[in-house]
Amino acid sequence: QYDQIFMLPPWEEIHEVDNERYEDFSIAKALHDFLVKTYTYYGYTPIIVPLCSVAQRIDFIETQLKR
């Protein structure tokens, strides 16, 4: 079990297909949506990290962890 679930949604402007990330954007989006639904089904409330700079994402996550 997890205390919190952080999800970083697919971001089309920075999405790249490479050796580690071989899904195209539409598949990445579908996978993300499936994971959100699955976590929700199991009683979690995923925290969606906003699409912003790395520093802003860190601040967002740190703020959420202090709650």
Side-chain angles (χ1 to χ4, degrees):
Q1 293 200 327
Y2 305 104
D3 295 330
Q4 294 175 303
I5 304 289
F6 290 94
M7 306 225 29
L8 288 84
W11 190 348
E12 192 165 18
E13 289 76 22
I14 65 170
H15 184 85
E16 292 182 17
V17 175
D18 56 25
N19 289 332
E20 287 75 32
R21 184 184 298 140
Y22 50 87
E23 300 92 356
D24 67 22
F25 184 76
S26 64
I27 293 173
K29 176 81 171 90
L31 179 58
H32 170 78
D33 294 345
F34 175 79
L35 290 171
V36 169
K37 287 177 187 174
T38 301
Y39 279 121
T40 301
Y41 174 82
Y42 285 104
Y44 294 100
T45 303
I47 300 167
I48 307 300
V49 178
L51 305 178
C52 51
S53 72
V54 172
Q56 290 170 314
R57 285 178 171 213
I58 291 168
D59 288 343
F60 177 85
I61 292 169
E62 288 177 340
T63 298
Q64 296 298 312
L65 290 172
K66 292 176 185 173
R67 290 183 174 194

Could you tell me which non-hydrogen atom of [X] sits nearest to which non-hydrogen atom of [Y], and how far apart they are?
X   : Y   : value
R57 : P50 : NE-O, 3.2 Å
T40 : P46 : OG1-CD, 3.6 Å
A28 : H15 : CB-CE1, 3.8 Å

Shared hydrophobic cluster for [X] and [Y] (ILVMFWY, side-chain gaps under 4.5 Å):
X   : Y   : answer
V36 : F6  : no
L65 : L8  : yes
Y42 : L31 : yes

Legend entry - Donor-acceptor contact present, side-chain Q4 to main-chain I47, <3.5 Å: no
Inset, instruction - Run the numbers on L35 and I5 for side chain to side chain contact (heavy atoms under 4.5 Å, CB included), then give the verdict. - result: CA-CA 11 Å; L35 290 171; I5 304 289; over 6 Å; no
Inset, instruction - Please assess D24 against I27 for the test side chain to side chain contact (heavy atoms under 4.5 Å, CB included), listing each intermediate value before the final yes or no. - result: CA-CA 6 Å; D24 67 22; I27 293 173; 3.4 Å; yes
Legend entry - Presence of salt bridge, D33 and K37, under 4.0 angstrom: no
Inset, instruction - Flag yes if more than 12 heavy atoms outside D3 fall under 6.0 Å of its CG atom; otherwise flag no. - result: no
Inset, instruction - Could you grab the distance from atom OH of Y39 to atom CZ of F34, nearest 0.5 Å is fine? - result: 10.5 Å
Inset, instruction - Evaluate the side-chain proximity of I48 to H32: yes if any heavy-atom separation is below 4.5 Å, no if none is. - result: yes
Inset, instruction - If the plane angle is over 60° it's perpendicular, under 30° parallel, otherwise tilted; pick one for Y2 and Y44. - result: tilted
